[in-house]
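This report concerns only the one structure given below.
Note that this is a predicted model, so its numbers are computed, not measured.
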Amino acid sequence: QVHLVESGGGSVQAGGSLRLSCVSSHDTYNMGWFRQALGKEREAVALAYSGVYIGGKRPDYADSVKGRFTVSLDKTKRTVYLQMTNLTLEDTAMYYCAADKRPGPQWDDQQAYTWWGHGTQVTVSS
């Protein structure tokens, strides 16, 4: 059983920044972030591939966050980060960490992930 624990959420004004962290209890691969706003379906945000630091696949991002969010993976710490900048009201959501994406499905396919955290809330205000 793998446990994922997110942290770093909070309240911030529009235009501000936050950095989310997700620590895994075990070695995992392909760790990423999803989010779910109130009344909406959960959506993919970003995925860091385990091989990115050895010439592997570059991270994937949702179009809505490209250029503003950066995902990174520190395998030595079993931690994936999500640096979020220039936050907007539309970024308000519960952010979930996910890990062990199976090869084959698209990166934003939630069914492809084995482990999930409980989430950390991000609230952006005007």
Side-chain angles (χ1 to χ4, degrees):
Q1 185 77 14
V2 172
H3 296 284
L4 304 177
V5 180
E6 303 96 334
S7 62
S11 298
V12 63
Q13 287 192 323
S17 300
L18 281 175
R19 189 176 82 153
L20 306 183
S21 301
C22 171
V23 180
S24 174
S25 61
H26 295 72
D27 288 336
T28 58
Y29 58 93
N30 299 346
M31 298 181 73
W33 293 92
F34 287 73
R35 67 185 181 185
Q36 186 169 21
L38 199 62
K40 295 186 178 181
E41 294 186 354
R42 190 162 57 184
E43 61 178 2
V45 176
L47 173 63
Y49 294 90
S50 297
V52 68
Y53 297 111
I54 52 174
K57 183 173 173 55
R58 301 177 71 84
D60 276 308
Y61 295 95
D63 288 342
S64 60
V65 306
K66 283 181 181 177
R68 300 188 299 121
F69 290 11
T70 303
V71 64
S72 58
L73 180 61
D74 187 335
K75 290 187 288 185
T76 63
K77 297 181 179 179
R78 298 174 180 161
T79 300
V80 64
Y81 303 96
L82 186 68
Q83 178 67 50
M84 306 185 294
T85 63
N86 195 19
L87 286 160
T88 70
L89 300 180
E90 288 69 34
D91 295 317
T92 294
M94 183 71 79
Y95 283 71
Y96 298 91
C97 176
D100 281 359
K101 176 196 170 297
R102 298 187 301 279
Q106 294 296 310
W107 76 275
D108 57 354
D109 183 349
Q110 300 180 45
Q111 302 302 319
Y113 293 80
T114 305
W115 309 108
W116 290 85
H118 293 292
T120 185
Q121 177 69 37
V122 171
T123 303
V124 184
S125 60
S126 58

Checklist entry - Under 6.0 Å from the CG atom of L38, do we count more than 12 heavy atoms belonging to anything else shown? => result no
Item to check | From N86 atom CG to F69 atom CZ, the distance as rounded to the nearest 0.5 Å | outcome: 9.0 Å
Next on the checklist: Assigning hydrophobic clusters by single linkage (Ile, Leu, Val, Met, Phe, Trp, Tyr; side-chain heavy-atom cutoff under 4.5 Å), is F34 placed with Y29?
Outcome noted: no
Checklist entry - Do the side chains of V124 and T88 get nearer than 4.5 Å, heavy atoms only? => result no
Item to check | Common cluster, W115/Y95, ILVMFWY with side-chain heavy-atom separation under 4.5 Å | outcome: yes
Checklist entry - Does the pair W33 and C97 meet the rule for a side chain to side chain contact (heavy atoms under 4.5 Å, CB included), with working shown? => result CA-CA 5 Å; W33 293 92; C97 176; 4.2 Å; yes
Next on the checklist: Applying a strict under-4.5 Å side-chain criterion to I, L, V, M, F, W and Y, I'd like to know whether Y81 and L73 cluster together.
Outcome noted: no
Checklist outcome for this item: The single option from V65, T120, V71 that satisfies side chain to side chain contact (heavy atoms under 4.5 Å, CB included) with L82 is V71
Checklist entry - At their closest point, which heavy atom of Y61 faces which heavy atom of A46, and how far apart are they? => result CD2-CB, 3.6 Å
Next on the checklist: So, taking the atom named NE2 in H26 and the one named CG in L4, what distance separates them when rounded to the nearest 0.5 Å?
Outcome noted: 11.0 Å
Next on the checklist: I'd like to know if the side chain of E6 reaches the main chain of H118, judged simply by a donor and an acceptor atom lying under 3.5 Å from each other, with no hydrogens or angles considered.
Outcome noted: yes
Checklist entry - Heavy-atom distance under 4.5 Å between the side chains of M31 and S24, does that happen here? => result yes
Checklist entry - Which pair of non-hydrogen atoms, one from A44 and one from D108, has the smallest distance, and what is that distance? => result CB-CB, 3.4 Å
Checklist entry - Of all heavy-atom pairs between Q36 and K40, which one has the smallest distance, and what is that distance? => result NE2-O, 3.0 Å
Next on the checklist: Measuring only between side-chain heavy atoms, which start at C-beta, is L20 closer than 4.5 Å to R35?
Outcome noted: no
Checklist entry - Hey, does D91 have a side-chain heavy atom less than 4.5 Å from the side chain of M84? => result no
Next on the checklist: Is it the case that the side chain of Y113 and the backbone of W107 share a donor-acceptor pair, with hydrogens and angles ignored and the cut-off at 3.5 Å?
Outcome noted: yes
Checklist entry - So which heavy atom on A48 is nearest to which on S72, and how close? => result CB-C, 4.5 Å
Checklist entry - Could you go step by step and tell me if D60 and Y49 meet the side chain to side chain contact (heavy atoms under 4.5 Å, CB included) rule? => result CA-CA 9 Å; D60 276 308; Y49 294 90; 2.6 Å; yes
Next on the checklist: Are L87 and Q13 packed together at the side-chain level, in the sense that at least one heavy-atom pair is separated by less than 4.5 angstrom?
Outcome noted: no
Next on the checklist: Return the NZ to CD distance between K101 and Q111, rounded to the nearest 0.5 Å.
Outcome noted: 12.5 Å
Next on the checklist: Which heavy atom of Q121 sits nearest to which heavy atom of M94, and what is that distance?
Outcome noted: N-SD, 3.5 Å
Checklist outcome for this item: Looking only at heavy atoms, the pair that brings S21 and T79 closest together is CB-CG2, 4.3 Å
Item to check | Side-chain donor or acceptor of R78 paired with backbone N/O of S25 under 3.5 Å | outcome: yes
Checklist entry - Is a donor on one side and an acceptor on the other found under 3.5 Å between the side chain of R102 and the backbone of T114? => result no
